[in-house]
2 protein chains.
Amino acid sequence: MLNETHPIRSSEETRTRIFAAARQLLAKKGRRGTTTREIAELAGVNEATLFRHFGNKDALIEACVMYYCPAGDLREFLPKLSGDIESDLRALAHFMTERMESLRDLILATFIEEDQWSSAGDAAWRAPAMIKQAVTDYMAARVERGDLEGDPVLMARLFMGTIFAYVVGRKRMQYPEYTLDDIINFNVNVFLNGVRKKK
Amino acid sequence: MLNETHPIRSSEETRTRIFAAARQLLAKKGRRGTTTREIAELAGVNEATLFRHFGNKDALIEACVMYYCPAGDLREFLPKLSGDIESDLRALAHFMTERMESLRDLILATFIEEDQWSSAGDAAWRAPAMIKQAVTDYMAARVERGDLEGDPVLMARLFMGTIFAYVVGRKRMQYPEYTLDDIINFNVNVFLNGVRKKK
DNA sequence: CTTTTCTGCAAGTAAGTACTTGCACTCAAG
DNA sequence: CTTGAGTGCAAGTACTTACTTGCAGAAAAG
C-alpha cells in the first residue's frame, strides 16, 4: 500500500530537497540558528535521513553550499562581450547582479560566524572571486587598448563594489522609486565618465 | 577582606563591561551563536548578573545595540564641511568608513537572522540611515549650486555604496597592496569626474 | 550600626539540539 | 521471488543553553 507519508522518492531527489531547505534556512537564520529538525521538516523528510545522507550537520551544510555555488558559469557569458564599453558594462552589471542576488543570503551568512564556515565559506566565495578576476582582466584590456585610464584593479573593485552594495544593502536601504535598470544605468554612466580616457 | 574574585565594581561599570563583551561576541558569532555564559565570562562577571541586569538575553542584546549605535554624532562633523567638493567628499568618505567600520560586524549581523533582531536591528541602522540622508542633502545642495549634475539620491547611493562595499567586503575580498587612502582617493576621483557638471 | 544594593557562587530546571538506533515498509533490480 | 537500498517512525542519549534560586559577602548610604 502506498500512503502519503511514504511517497516514492529517489535518493537524488531527496538530496536536492534537503539542499533547498537547508539553503533557505541557512540564509534566513545562519548556521547556528538553523536546526537539523527544521531542515528535515521543510524538506519533507525524516530527520534521520539527513544524517544517513551526510553524516553530520557540518557535512550537510558544506555539501549544500558546494551544490549551490558552481564556479564555472561565467565562461559562457564573457565571450558574448565585445560591443562598446557602455553596453558591455551594463550587461556585466546585470549578470553580476543576478548571480549575486541568487547567492545573496548564503554569501551574507558567511560574513558572520566567519570562523565556523571553514571550507563551505570558501566555496560560497569562489564564484564572486572568479568574477572579480574576469572584470579586472576586462578593465586591463580596455586600458591597454586606450579606452580607459587608471588602475584596472581599483576600477574592477569600484565597479563590483557598486553592485555588491546594491545587492547586499537592498533590504535595509530601500529605494522603491528606482528600478534596477535606473540604478545600473546611473552607476555605469558615472563610472564610465569617471574612468574614460580624455582625448 | 577584598579578594580578587570580588573586586569592587559599580553597577554602571558592570553594564559597560557586559556591553563590550556582548558586542564582541555578537559580531563574531551572531545572535544565536552567542551564549550568555560566554558573554559573562568575557565580561568577567557572573552569568546570573546578566539576568539580574537585563532580565533576559534579548533585552541584553537590545540594550547593547542601543548603547553602541548613537545616531547624533554626525552633526558635529557636517558643519566642518565647506571647502571644495573633492576634499569634502574625501573627508566624508573617511568619516563614514570609520563609523561603519566600528559597527561593521554588528550591522552585518543584522542582515541575517533578520526576523530575530526586532528593534535592535533598527537601532543598528539608525546611524547609517542618518548619514545617507545627510549625504543626499549635501549632493542636492551641490547640484542646486551648479557644481554637480544628476539625481542626488542616486549619487548619494552610489557614493555610500562604494564605502559600504569596502567596509563589508574587506575581509573576503582583500587588497593588501592598497591603503585606505588609495582606495578612497580613487573612488572619489572617479565619482567626481562622473558627476561633475560639464562646462 | 543597620539597611540596601550589587555581586559571586553553586546548584538546579526545563527546553532544545545533534545524533543514534532498531524496526518496518516500499520499491526496483537481479 | 529475493535482496538491498532508501526511507519513515519512535524512542532515546548526551550535551548545551537560557534562566532561576537561595545564600553570603562587600561596599555604600542612612
Side-chain angles (χ1 to χ4, degrees), chain A residues 1-22 24-26 28-65 109 113 115-118 120, chain B residues 1-22 24-26 28-65 109 113 115-118 120:
Chain A
M1 195 184 62
L2 203 153
N3 66 33
E4 66 236 4
T5 65
H6 277 220
I8 308 169
R9 257 183 239 140
S10 74
S11 182
E12 277 307 304
E13 197 210 330
T14 302
R15 281 175 68 94
T16 62
R17 286 170 66 95
I18 293 172
F19 285 155
Q24 199 173 323
L25 292 168
L26 280 173
K28 199 175 174 189
K29 311 185 158 203
R31 188 182 187 109
R32 296 187 80 141
T34 301
T35 72
T36 55
R37 201 172 303 168
E38 278 174 316
I39 296 175
E41 205 168 317
L42 187 59
V45 301
N46 193 275
E47 196 183 352
T49 303
L50 261 57
F51 294 98
R52 285 195 268 249
H53 268 275
F54 303 100
N56 58 50
K57 187 182 170 185
D58 276 4
L60 193 171
I61 291 175
E62 188 154 341
C64 173
V65 174
E113 307 175 326
D115 47 340
Q116 297 161 54
W117 282 84
S118 64
Chain B
M1 193 184 64
L2 202 153
N3 69 32
E4 66 238 2
T5 65
H6 277 223
I8 308 170
R9 259 182 238 141
S10 74
S11 181
E12 277 307 303
E13 196 210 331
T14 300
R15 281 175 69 94
T16 62
R17 286 170 67 96
I18 293 172
F19 285 154
Q24 199 172 323
L25 292 168
L26 281 173
K28 199 174 173 188
K29 311 186 159 200
R31 190 186 184 102
R32 297 187 80 141
T34 300
T35 71
T36 54
R37 201 172 305 168
E38 280 174 315
I39 296 175
E41 205 169 317
L42 187 59
V45 303
N46 194 274
E47 196 183 350
T49 302
L50 261 56
F51 294 98
R52 285 195 268 248
H53 267 273
F54 303 100
N56 58 48
K57 187 183 170 184
D58 276 4
L60 192 170
I61 291 175
E62 188 155 339
C64 173
V65 173
E113 307 174 325
D115 47 340
Q116 299 161 51
W117 282 84
S118 63

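This is a predicted model, so every value here is computed, not measured. To find a chain, count down the sequence lines: A is the first, B the second, and so on, and within it residues start at 1.
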Handout entry: Euclidean distance, atom CZ of residue A:F54 to atom P of C:dA18 [Å, nearest integer]
Key = 15 Å
Handout entry: N-O pairing of B:E13 and B:R17 below 4.0 Å
Key = yes
Problem - Between P of C:dT7 and CZ of B:R17, the distance in whole Å - result: 11 Å
Exercise for the section: Would you indicate which nucleotide in D:dC19, C:dT17, D:dT17 comes nearest to any side-chain atom of A:R37? Expected result: C:dT17
Fill in the blank from the handout: Rounding to 0.5 Å, atoms CG (B:L25) and CD (B:E41) come to a distance of 9.5 Å
Problem - Value in whole Å for how far the P atom of C:dT17 lies from CG of A:L25 - result: 12 Å
Exercise for the section: Using only side-chain N and O atoms of A:T49, determine if any of them is under 4.0 Å from OP1 or OP2 of D:dG6. Expected result: no
Practice task
Calculate the interatomic distance between B:R31 atom CZ and D:dA18 atom P; express it in whole Å.
Solution key: 11 Å
Practice task
Nearest whole angstrom, please: distance from the P of C:dG16 to the CD of A:E41.
Solution key: 13 Å
Handout entry: Heavy-atom donor-acceptor pair, A:T34 side chain to A:K29 backbone, under 3.5 Å
Key = no
Problem - Selection from C:dT7, C:dC9, D:dG6 that lies nearest to any side-chain heavy atom of A:S11 - result: D:dG6
Handout entry: A:F51 side-chain proximity, nearest of D:dC9, D:dT7, C:dT20
Key = C:dT20
Practice task
Output yes when at least one side-chain N/O atom of B:H53 is less than 4.0 Å from OP1 or OP2 of C:dT7, else no.
Solution key: yes
Handout entry: Contact check, side chains of A:F54 and A:I18, non-hydrogen atoms, under 4.5 Å
Key = yes
Problem - From D:dG8, C:dT17, D:dA18, nucleotide with atom closest to A:T35 side chain - result: C:dT17
Completion exercise
Taken to the nearest whole Å, NZ/A:K57 to P/C:dT20 is 14 Å
Completion exercise
Of B:R52 and B:T36, the one whose nearest nucleotide on DNA chain D sits closer to the 5' end is B:T36
Handout entry: Nucleotide nearest B:A48 when distance is taken to its side chain, options D:dT21, D:dC19, C:dG8
Key = D:dT21
Exercise for the section: Take the protein atom CZ of B:R15 and the nucleotide atom P of C:dC6, then report the distance between them rounded to whole Å. Expected result: 11 Å
Handout entry: Value in whole Å for how far the C1' atom of D:dA18 lies from CZ of B:R32
Key = 12 Å
Handout entry: Any donor-acceptor pair under 3.5 Å from B:Q24 side chain to B:A21 backbone
Key = no
